Protein chains: 2
Amino acid sequence: MEQSTARRSRGITREQILDVALELFNERGYDKTSLREIAERLGVTKAALYYHFERKEDLLLGLHLRLHALGREILDDLDALEDERQIVAAWPKLLDRFIDEVLANRDLFRFHQRNERALHSLGDNEQHAAENDDLAERFRRFLGNPAIPLADRVRMTCSVTALLGGLMAGEEVYGDDVTMDEVASHVRAVIRDLYPPA
Amino acid sequence: MEQSTARRSRGITREQILDVALELFNERGYDKTSLREIAERLGVTKAALYYHFERKEDLLLGLHLRLHALGREILDDLDALEDERQIVAAWPKLLDRFIDEVLANRDLFRFHQRNERALHSLGDNEQHAAENDDLAERFRRFLGNPAIPLADRVRMTCSVTALLGGLMAGEEVYGDDVTMDEVASHVRAVIRDLYPPA
DNA sequence: GTCTATATTTCGATAGAC
DNA sequence: GTCTATCGAAATATAGAC
């Protein structure tokens, strides 16, 4: 696990490229980030990147897959639930797991949040491999289910965005003297108020 | 108040250009939207746009100012409050006003949400006229105030993002048979659970 | 105030040497 | 596996006629 500021050992890996791409996509956005910049930060040339990734879009896809691996389990569990009663009952526990995942992978979730449009346009090209598997897309389909009362669906939407909003605002917002663990415990308290124990 | 699909009366106004820009920025994103597309939808040429806006970035600035006018009043009221006690007491009422504003201007808020990075990079060029006045930026500074307990600040963050998330997911998520008024009333219920009346 | 035409820049992508 | 060099496309922006 070597940091990505100055390369010396010749030979670069896909994962190292994705690490730097994630950094830059979060700093400047996917569209505004050029392959030249990524190559520069890695200390290689543009052409070197093309050995590992055929197209710029494949960087997006690579990062998408990282995120996908994280959220898949939770969403599969969600889809396995049958009726509204089960869903609402399981929701607080699912959110709790989700908080852990977001905490451990804030860069990746920030990337997804800030580049949602770019990610969505992946689906146009790569058959629908992207679109159908996209986490946000699956979640949106779930929220469209008219069998669940609207009040519940709105509340679920709010709880997820509250969670993301509370956690994504990190030290740079709350101040450097707070820890993410503190923030997370407050977020959990907020979630509890939205879904009080019966 | 004329719609923006086919121009005939010669002469085009800044506001009409901004209307179309807002549409396209929301559909395709700021970066991916070219001046050629904006001009085409307006039925004029690229060069015509340059008569009204010197640079593409100025379209961003124009839309930013529209949003700024909306949120300024609320944020001024917020800044006028002295201590934590007053702020927390006033918070539910401020959120209620905010809900009305978001409901009445969803396109504009969606634009801000989906193009936050592009908007933020405005501050680099236009002195800090943009950065210092940016709504999100002012709100972030507010959230950094260590005089307010972290628990309150996290809760305020969550409540705002919950509100935005719940309202921004509109008919296209919840289904075409729901009205935004229904959604809004459920969002207000969520907010009440976060700030129960004493 | 809008047009045609063009200048300028930047980017994604490829070819071929090493 | 990385390099130099370059191509072609597309975008922003400008010049000048009407």
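A quick note: this is a predicted structure, and the numbers were derived from the prediction, not measured.
Rounded to an integer number of Å, the gap from NZ of B:Lys56 to P of D:dT12 is 5 Å. Atom P of nucleotide C:dG16 and atom OH of A:Tyr50 are separated by 18 Å, given to the nearest angstrom. Rounding to whole angstrom units, CD of residue B:Glu37 and C1' of D:dA10 are separated by 11 Å. Atoms OH (B:Tyr51) and C1' (D:dA13) sit 18 Å apart, rounded to a whole Å.
Between B:Arg97 and B:Asp77, at least one side-chain nitrogen of the basic residue sits less than 4.0 Å from a carboxylate oxygen of the acidic one, meeting the salt-bridge criterion. Under a 4.0 Å N-O distance rule, the pair A:Arg110/A:Glu172 qualifies as a salt bridge. A salt bridge links B:Arg138 to B:Asp76: at least one charged side-chain nitrogen sits closer than 4.0 Å to a carboxylate oxygen.
Residue B:Thr33 is in sugar-phosphate contact alone, with no base atom involved, counting any heavy-atom pair closer than 4.0 Å across all strands shown.
Residues B:Arg140 and B:Glu137 are in side-chain contact: their nearest non-hydrogen atoms beyond the backbone lie under 4.5 Å apart.
The phosphate of C:dA13 has neither OP1 nor OP2 within less than 4.0 Å of any side-chain N or O from A:Arg55. For B:Thr45, no side-chain nitrogen or oxygen approaches OP1 or OP2 of C:dT2 to under 4.0 Å. In terms of phosphate contacts, A:Arg36 brings a side-chain nitrogen or oxygen within less than 4.0 Å of OP1 or OP2 of C:dC11.
Of the listed nucleotides (D:dT12, D:dC3, C:dA13), D:dC3 has the atom at the smallest distance from the side chain of A:Ala47.
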